[in-house]
Amino acid sequence: LLKYRGRSLEGFLFPDTYRFFPNASIETVLQKFLHNFYARAMPMLADTHDVYITLIIASMIEKEIPLSSERPLVAGVMYQRLRIDMPLQIDATTLYAKEVKNARYDTYQFYGLPPTPISNPGLDAIWAAAHPQESEFLYYLSDPRTKKTIFGKTIDEHNENRAKYLGK
């Protein structure tokens, strides 16, 4: 597994269109990906308290929330849960944990953030993680039909949303 400064490159390989010569070296490809990440993503991350934590949050948002307009609100929910020491319980981390065969990524089993990013987030996920929207919400789920995010303030409200939108 390729590492960057002792950490996985997951999260730093900025999703974009790239052109390479067929004989381009791995070093050339990585250099181009990382240069693009620093040129495009770092300006948004520069004022954050911790760039790596913000990138981990952005990676979860990228995998979890399809609609860009809802991402800042979900970022706010994630940060709020972390502040009050509530489990994140993010489905995308459970799937990633199974994929990489490492339970430590499963935020249903472990409190706090996964050890590294779980995807390579785009600009809107990074922006959302760097600019979370505060709210009273602690819960959310995705409507499988519309892909819209449904928010809840209490566990009772969340359970009602689960029954209504997920049939659970």
Side-chain angles (χ1 to χ4, degrees), residues 1-15 26 29-30 33-34 37 41 44-45 48-68 70-130 132-133 135 137-145 147-168:
L1 177 65
L2 294 168
K3 299 282 184 180
Y4 177 71
R5 292 188 185 166
R7 294 184 172 154
S8 168
L9 284 171
E10 189 90 64
F12 294 94
L13 303 176
F14 190 76
I26 291 174
V29 172
L30 287 176
F33 270 94
L34 293 173
F37 172 84
M44 281 189 236
L45 293 166
T48 62
H49 174 70
D50 186 311
V51 169
Y52 200 63
I53 287 173
T54 306
L55 191 59
I56 292 171
I57 296 279
S59 76
M60 293 186 294
I61 292 168
E62 182 70 38
K63 295 299 277 184
E64 187 87 349
I65 307 301
L67 301 177
S68 297
E70 298 171 342
R71 289 176 167 187
L73 191 53
V74 171
V77 170
M78 290 179 184
Y79 284 114
Q80 176 69 352
R81 282 178 163 222
L82 290 169
R83 268 193 301 277
I84 65 173
D85 201 29
M86 182 177 178
L88 289 174
Q89 298 180 327
I90 295 173
D91 294 345
T93 64
T94 301
L95 296 171
Y96 187 83
K98 290 176 183 174
E99 181 181 319
V100 298
K101 297 175 179 48
N102 183 343
R104 183 60 192 91
Y105 285 89
D106 188 340
T107 58
Y108 278 87
Q109 292 184 42
F110 293 90
Y111 278 74
L113 295 170
T116 67
I118 64 164
S119 73
N120 294 297
L123 288 178
D124 63 332
I126 293 169
W127 190 90
Q133 182 180 339
S135 73
F137 298 121
L138 283 175
Y139 303 91
Y140 68 89
L141 59 85
S142 294
D143 180 341
R145 190 176 52 78
K147 305 298 182 213
K148 292 189 102 181
T149 305
I150 311 302
F151 295 92
K153 295 176 186 174
T154 66
I155 189 64
D156 290 337
E157 189 176 351
H158 181 62
N159 286 336
E160 288 172 17
N161 288 338
R162 288 183 57 175
K164 180 177 179 179
Y165 294 97
L166 306 177
K168 294 182 180 181

**Study point:** Carboxylate-amine/guanidinium contact Glu62 Arg71, below 4.0 Å
**Key:** yes
Exercise for review: Can you establish whether the number of heavy atoms outside Arg83 located under 6.0 Å from its atom CZ is more than 12?
Suggested key: yes
Exercise for review: Provide the closest heavy-atom pair for Ala128 versus Ala75 in the form atom of the first, atom of the second, distance.
Suggested key: O-CB, 3.3 Å
**Study point:** Note, Asn120 side chain near Phe37 side chain (heavy atom, < 4.5 Å)
**Key:** no
Check your understanding: Does Pro121 reach the side chain of Ile61, with side-chain heavy atoms less than 4.5 Å apart?
Key -> no
Point to revise | Nearest-0.5 Å distance, CD of residue Gln133 to CG of residue Leu73 | key: 4.5 Å
Exercise for review: Please name the residue in the list Ile56, Thr107, Ile118 that meets the side-chain contact (heavy atoms from CB on, under 4.5 Å) test with Leu113.
Suggested key: Ile56
Review point. Where do Tyr165 and Pro144 come nearest, in terms of heavy atoms and distance?
Key: O-CD, 3.6 Å
Exercise for review: Take Leu30 and Leu13 through the test side chain to side chain contact (heavy atoms under 4.5 Å, CB included) and record every step on the way to the result.
Suggested key: CA-CA 8 Å; Leu30 287 176; Leu13 303 176; 4.1 Å; yes
Practice item. First locate atom CG of Asp124, then atom CD1 of Ile65, and finally report the distance between them rounded to the nearest 0.5 Å. Key: 11.5 Å
**Study point:** Verdict with reasoning, Tyr139 to Ile150, per side chain to side chain contact (heavy atoms under 4.5 Å, CB included)
**Key:** CA-CA 8 Å; Tyr139 303 91; Ile150 311 302; over 6 Å; no
Practice item. Identify the two heavy atoms, one from Tyr52 and one from Pro115, that lie closest to each other, and give their separation to 0.1 Å. Key: CE2-O, 3.9 Å
Check your understanding: Between Thr93 and Tyr108, is any side-chain donor less than 3.5 angstrom from a side-chain acceptor?
Key -> no
Review point. When rounded to the nearest 0.5 angstrom, what is the spacing between OG1 in Thr116 and CZ in Arg104?
Key: 10.5 Å
**Study point:** Distance, nearest 0.5 Å, that separates CG of Asp106 from CG of Asp91
**Key:** 9.5 Å
Practice item. Evaluate side chain to side chain contact (heavy atoms under 4.5 Å, CB included) for Leu9 paired with Leu34, printing each intermediate quantity in order. Key: CA-CA 9 Å; Leu9 284 171; Leu34 293 173; 4.1 Å; yes
Exercise for review: Compute whether any side-chain donor of one residue and acceptor of the other, for Asn102 and Tyr96, lie under 3.5 angstrom apart.
Suggested key: no
Point to revise | Contact summary for Lys63 and Ala92, nearest pair of heavy atoms | key: CB-CB, 3.7 Å
Review point. Roughly how far, to the nearest 0.5 Å, is CD1 of Ile126 from CD1 of Ile57?
Key: 13.0 Å
Check your understanding: With side chains defined as the heavy atoms from C-beta onward, is the minimum distance between Met60 and Leu88 less than 4.5 Å?
Key -> yes
Practice item. With the side chain counted from C-beta on, respond yes when Tyr111 and Leu82 share a heavy-atom pair under 4.5 Å apart, and no when they do not. Key: no
**Study point:** Exercise: identify the closest heavy-atom pair between Ser119 and Ser59
**Key:** OG-O, 2.8 Å
**Study point:** Leu67 and Thr149, any side-chain heavy atoms less than 4.5 Å apart
**Key:** no
Study note, to complete from the structure: So OG1 of Thr154 and CG of Asn159: to nearest 0.5 Å the spacing works out to 8.5 Å
**Study point:** Residues Tyr140 and Glu70: side-chain donor-acceptor under 3.5 angstrom
**Key:** no
Check your understanding: Taking C-beta and beyond as the side chain, do Ile84 and Leu138 meet within less than 4.5 Å on heavy atoms?
Key -> yes
